[in-house]
Amino acid sequence: VLDVGCGSGGLAARFAPGELGGYLGVDLSTAGLRRAESLGLPGARFEHGDFETWRSDETWDIIVFNEVIGYAGDPGATVAAFLPALAPGGVLVVSLYRWRNHRAIWRRIGRKAAVRQTLEVRGPPGVIWDLKVLVAASA
């Protein structure tokens, strides 16, 4: 799993030890990365990087953008830049809170990647997240 915008390692901490073949969390926040590293999670690595410019030399079965793609200058271009890092059969998972320009963000992403599955997650009244599983548009 490549967790783009991993913050303080919240997603990594949800996996059981040994559950993943590998995990790399990337984030711009050095303070968040220090907190993530302090969790001492077996098999988890953390790296400083800005997802606008950082790219992986590895391939991944799953690439996750959990509540961060809305910060991209061009969310579609950012998603497209990470698609080559997917292993054959791999998926990109994006979680996005429904707020302001969320429809425009999904449209931009939809021009670069195909949606395989969508899940709507509801919180308190009026609080909704969309979770989408994406693949390269030609896949």
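All of these numbers come straight from a predicted model, not from anything done at the bench. Computed from heavy atoms alone, side chains included, the values below leave out hydrogens, waters and symmetry copies.
- Each of Leu33, Val26, Leu24 was checked for a side chain to side chain contact (heavy atoms under 4.5 Å, CB included) with Phe46, and the lone residue meeting it is Leu33.
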#### Entry: Steps toward side chain to side chain contact (heavy atoms under 4.5 Å, CB included) verdict (Leu96, Trp106)
CA-CA 9 Å; Leu96 181 65; Trp106 285 122; 3.5 Å; yes
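- We find that Arg122 and Glu120 are joined by a salt bridge, their nearest charged nitrogen and carboxylate oxygen being less than 4.0 Å apart.
- Residues Cys6 and Gly25 share a closest heavy-atom pair of SG-C, 3.5 Å.
- Here the closest non-hydrogen pair linking Ala72 and Thr78 is CB-OG1, 3.5 Å.
- Ionic pairing of Glu58 and Arg45 is present here: one or more N-O contacts between side-chain nitrogen and carboxylate oxygen are shorter than 4.0 angstrom.
- Leu2 and Val68 end up in the same hydrophobic cluster when Ile, Leu, Val, Met, Phe, Trp and Tyr side chains are linked at under 4.5 Å.
- Scanning all heavy atoms of the two residues, the minimum distance from Ser95 to Trp129 falls at OG-CD1, 4.2 Å.
- When atom types are taken as modelled, the side chain of Asn101 and the backbone of Ala104 share no donor-acceptor pair closer than 3.5 angstrom.
- Atom OH of Tyr97 sits about 9.5 Å away from atom CD of Glu67, to the nearest 0.5 Å.
- Residues Pro84 and Ala81 come closest through the heavy atom pair CD-O, 3.5 Å.
- Ring-plane geometry between Phe82 and Phe65 is classed as perpendicular, the angle between the planes exceeding 60 degrees on a 0 to 90 degree scale with a lower cut at 30.
- Transitive grouping of hydrophobic side chains (ILVMFWY, heavy atoms separated by less than 4.5 Å) brings Val127 and Trp99 into a common cluster.
- In Glu52, the CD atom is crowded: over 12 heavy atoms of neighbouring residues, nucleotides or ligands sit closer than 6.0 Å.
- Remark: Asp3 CG to Leu11 CG distance equals 4.5 Å, nearest 0.5 Å.
- Both Leu86 and Val115 are members of a single hydrophobic cluster when ILVMFWY side chains are connected at heavy-atom separations under 4.5 Å.
- Minimum heavy-atom separation, Ala13 to Leu39: CB-CD1, 4.2 Å.
- Taken together through direct or relayed side-chain contacts under 4.5 Å among Ile, Leu, Val, Met, Phe, Trp and Tyr, Ile63 and Val135 form parts of separate hydrophobic clusters.
- Side-chain atoms of His48 and Leu28, non-hydrogen and from C-beta on, do get closer than 4.5 Å to each other.
- One finds the CG atom of Leu92 at 12.5 Å from the CG atom of Asp61 (value rounded to the nearest 0.5 Å).
- In this structure, Ile69 and Ile109 have side chains that are in contact, with non-hydrogen atoms separated by less than 4.5 Å.
- Here Arg103 contributes atom CZ and Asp130 contributes atom CG; the two are 9.5 Å apart, rounded to the nearest 0.5 Å.
- Taking 4.5 Å as the limit, every side-chain heavy atom of Val91 sits out of range of all side-chain heavy atoms of Leu134.
- Hydrophobic clustering (side-chain heavy atoms under 4.5 Å, transitive across Ile, Leu, Val, Met, Phe, Trp, Tyr) keeps Phe51 apart from Val1.
- The OG1 atom of Thr118 lies 9.0 Å from the CG atom of Leu131; values are rounded to the nearest 0.5 Å.
- Checked by atom type and distance alone, the side chain of Asp27 pairs as donor or acceptor with a backbone atom of Gly7 at under 3.5 Å.
- To the nearest 0.5 Å, atoms CZ (Arg34) and OG (Ser8) are separated by 12.0 Å.
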